[in-house]
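Proteins get letters first, then strands, A, B, ... in listed order; numbering begins at 1 in each. What you see below is based on every heavy atom in this structure, not just the backbone, and it leaves out hydrogens, waters and symmetry mates.
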Amino acid sequence: MAPRIALVPDPHGPGGRLQPLDDAGTPLGPPAEAPDLAAAVTAAERDGTVRWVWAAADSAYAPLLPRLPDRLARCHDLRLVEALLLAHEGRFGAPRSLGAAWARLRGLPVPPDLPEPGSAESDDGQDTLFAPDRLQLPPGADPLAAVVAVHAEQQRRLAAIQDDGARARFRLLVAAESAGALVAAEMAYDGLPWRADIHDRLLTELLGPRPGVPGARPKLLADLAAELRQALGGRPFNPDSHTQVLRAFADRGIQLGSTRSWELKEVNHPAARLLVRYKELSRIHTAHGWAWQDAWARGGRFRPEYVVGGVVSGRWASRGGGALQIPRILRRAVVADPGWLLVVADAAQLEPRVLAALSQDAGLARTAAGGDLYEALAATAFHGDRDKAKLGLLGAMYGQTSGDIGPLLNTLRHRYPAAMGYVEAAARTGEDGGVVASRLGRVCPPPSADWLDLTEAAETAGDAGGRSARARGRFTRNFVIQASAADWALALLAALRRRLNALPVAGPAERPHLVFFQHDEVVVHTPANLADGVADAVAAAADEARLLVFGDTPVRFPLTTAVVDCYADAK
DNA sequence: ATGCACTGCGCC
DNA sequence: AAAGGGCGCAGTGCAT
């Protein structure tokens with residue numbers, strides 16, 4: 001049984017080609033033609049655990065999903081791994097497609113990555129040098145040979161990492177990132193249960209009935225706009241226009257610095273209250289209203305596209321539908337199918353726990369060894385004031401210096417020197433133009449050329465350089481934490497996915513599956529009778545992630561888990 | 001008509 | 001004196 005198999009689907013039709021490999025990526029025997037790729041893949045998975053090697057999940061796995069009875073166990077996603085390796089090797093942002101990696105290997109001109117479909121620069125068809133399949137291989141190149149060659153080279157680059165611990169962690173990152181590719185493709189395929197009728201009822205309550213004319217302002221929103229106009233003297237203006245709003249308020253003698261809602265909330269005038277309400281409702285209408293439902297949530301499922309590694313910190317991004325910004329109020333519409341339940345689990349206070357584990361600060365680790373970290377922190381260092389403890393720690397992690405936070409930071413520095421030293425060292429590295437890395441070795445982007453110009457000129461050109469340096473310090477300070485939290489979350493996803501696939505079920509249609517993932521929170525859609533088992537699996541996966549990513553640490557990463565019908569009932 | 005910068009706000 | 005990290009998306013207003 002080959003431990004790895006390179007896989008290339010035929011661009012048209014159900015077939016493909018397979019090439020068994022050893023762990024170093026060396027071919028074991030000749031390639032095989034598979035007239036039915038899904039059947040061949042399924043048969044290979046029955047024989048034993050395979051790590052599938054492919055150019056990218058969206059081209060190799062997504063088309064296969066509808067035809068697979070079971071989900072694949074493991075993969076090595078060349079595009080994602082290429083990006084991790086390039087950053088690790090100090091070549092952040094170099095093209096990462098199969099064709100680009102292959103061209104680098106052969107010393108040929110490297111094709112740029114294609115812009116994402118749907119993005120502004122996306123303009124297919126003018127590319128004659130490379131095939132328009134996003135792999136960016138030149139016409140005539142053998143995709144399977146390229147996959148095999150690039151994979152072997154990636155394995156060589158991974159093996160070349162000198163430090164044993166760093167190499168092991170980076171390999172874990174490669175496996176976890178690749179597992180993320182599986183999860184993302186599966187979640188896009190399965191979709192998040194979405195009750196259009198409930199969504200519609202919520203919108204109608206908040207905004208009034210759906211306007212007959214698309215784009216028209218719903219009744220309650222129009223009423224609010226009219227009230228607002230009256231409150232400001234009756235002259236018509238567009239409440240969506242910042243400049244017109246500022247002018248309308250100024251005409252009544254109210255000087256606003258901006259139209260931000262936190263500023264409006266401090267203005268003692270009826271119009272300010274109305275405008276805040278208008279903005280809240282208008283946002284729901286424009287961002288998650290009927291047009292959104294038509295575009296993204298049809299057939300009982302919300303189907304966004306997830307972008308693994310879309311954020312430099314390793315967090316996921318999404319394309320379309322604002323998947324990672326679903327307003328809390330609309331979570332009412334996320335309801336399990338009849339006979340099914342949602343298991344919703346989120347990591348409590350993930351980032352401060354990550355800081356405690358990263359820095360190995362004994363004192364902070366003690367506060368992170370159990371339940372409420374902020375409570376424990378408050379009891380130890382802030383005379384029981386939980387708000388202060390939370391504010392101070394968040395400020396330390398974000399690089400905040402404003403407000404009354406100075407004394408809190410001083411307390412933290414005194415009590416938790418290792419933890420504060422850790423983030424401050426990361427900030428200094430960033431201010432000096434260096435790069436930092438997550439626990440598993442995801443490396444942050446280097447400063448831009450503009451940044452270097454600006455900071456080098458700082459002494460002569462006033463404060464802009466210094467301000468820019470401090471901004472980069474805040475970025476690297478936060479990066480080490482946010483990216484290490486993303487490491488942990490990816491490990492959690494991978495472990496949870498494996499555990500879900502191992503649960504005994506009557507058939508594929510009865511299998512619990514991940515339907516949502518948002519930085520530190522997962523949602524599993526499961527047949528009701530399996531919900532307890534799923535909850536146990538999530539808890540076990542969280543502890544497994546802790547051990548994998550942070551090893552022997554007293555810090556715990558507890559989950560808040562709820563088994564519910566409706567997502568909105570989870571909190 | 002289309003692109004871009006900017007503002008503002010939803011989520012973590 | 002002020003100084004909070006990361007995103008996606010929609011709307012305005014100006015430039016082309």
**Asked** Rounded to the Å, how far apart are A:Q400 CD and C:dG6 C1'?
**Response** 16 Å
**Side-chain ion pair, A:E351 and A:R315, N-O less than 4.0 Å** = yes
**Prompt:** Hey, is A:Y398 doing a stacking thing with C:dG4, by the 5.5 Å centroid and 30° angle criteria?
**Reply:** no
**Request:** Verify the contact: side-chain N or O of A:R328 to OP1 or OP2 of B:dC12, cut-off strictly under 4.0 Å; return yes or no.
**Result:** yes
**Message:** Rounded to whole Å, please give me the gap between OH in A:Y306 and C1' in B:dC11.
**Reply:** 13 Å
**Prompt:** CZ of A:R477 versus P of C:dA3: gap in Å, rounded?
**Reply:** 16 Å
**Request:** Taking only the side-chain nitrogens and oxygens of A:K279, find out if one of them lies under 4.0 Å from OP1 or OP2 of B:dG8.
**Result:** no
**Message:** Under 3.5 Å, is there a donor on one side chain and an acceptor on the other for A:D346 and A:T560?
**Reply:** no
**Asked** Is there a donor in the side chain of A:D200 and an acceptor in the side chain of A:W290, or the other way round, less than 3.5 Å apart?
**Response** yes
**Request:** State which of B:dG8, C:dG5, C:dC7 makes the closest approach to the side chain of A:T259.
**Result:** B:dG8
**Prompt:** Expressed in angstrom and rounded to an integer, what is the separation of A:I405 atom CD1 from C:dA1 atom P?
**Reply:** 19 Å
**Asked** Whole-Å distance between C:dC7 C1' and A:F517 CZ?
**Response** 13 Å
**Message:** Under 4.0 Å, counting only non-hydrogen atoms across every strand here, what does A:R331 touch: a base, just sugar-phosphate, or nothing?
**Reply:** sugar-phosphate
**Request:** Scan side-chain atoms only and decide if A:Y374 and A:D387 contain a donor-acceptor pair under the 3.5 Å cut-off.
**Result:** no
**Request:** Just jot down the side chain to side chain donor-acceptor pair (under 3.5 Å) partners of A:R386, sequence neighbours excluded, or say none.
**Result:** A:D372
**Asked** Using a cut-off of 4.0 Å on non-hydrogen atoms, how would the nucleic acid contact of A:S261 be classed: base, sugar-phosphate, or nothing?
**Response** sugar-phosphate
**Message:** For the C1' atoms, the ones on B:dC9 and on C:dA2, what distance do you get once it is rounded to whole angstrom?
**Reply:** 23 Å
**Asked** Taking the side chain of A:T401 as its heavy atoms from C-beta onward, which of B:dC12, B:dG8, C:dA3 lies nearest to it?
**Response** C:dA3
**Request:** Before accepting this row, confirm whether a basic side-chain N of the pair A:R277/A:E280 lies closer than 4.0 Å to the acidic partner's carboxylate O.
**Result:** yes
**Message:** Can you confirm whether more than 12 heavy atoms, excluding those of A:E521, are under 6.0 Å from its CD atom?
**Reply:** yes
**Fill in**
A:L246 atom CG is separated from B:dT7 atom C1', nearest whole Å, by 10 Å
**Fill in**
For nucleotides 8-16 of chain C, 5' to 3', base contacts (B), sugar-phosphate-only contacts (S) and non-contacts (-) with protein non-hydrogen atoms under 4.0 Å give BSSSSS---
**Item:** Basic-acidic side-chain contact under 4.0 Å: A:R319, A:E305
**Value:** yes
**Asked** Is A:L350 touching bases, backbone alone, or none of the nucleic acid, heavy atoms closer than 4.0 Å?
**Response** nothing
**Request:** Please state whether the phosphate of C:dG6, meaning OP1 or OP2, lies under 4.0 angstrom from any side-chain nitrogen or oxygen of A:R315.
**Result:** no
**Asked** Is any side-chain N or O of A:S402 closer than 4.0 Å to OP1 or OP2 of C:dA2?
**Response** no
**Message:** In this structure, how many angstroms lie between the P atom of C:dG5 and the CD atom of A:E351, rounded?
**Reply:** 13 Å
**Prompt:** Once you build an axis from the first five pairs and another from the last five of the helix from B:dA1-C:dT16 to B:dC12-C:dG5, how far apart in angle are they, to 10 degrees?
**Reply:** 0°
**Message:** Quick test of your reading of the model: are A:D240 and A:R217 salt-bridged, counting only N-O distances below 4.0 Å?
**Reply:** yes
**Request:** Whole angstrom is fine here: how far is it from CZ in A:F479 over to P in C:dG6?
**Result:** 11 Å
**Request:** Assign A:Q518 to base, sugar-phosphate, or nothing according to its heavy-atom contacts below 4.0 angstrom with the strands shown.
**Result:** sugar-phosphate
**Message:** Tell me whether A:R247 is salt-bridged to A:D251, with the criterion being a basic N under 4.0 Å from an acidic carboxylate O.
**Reply:** no
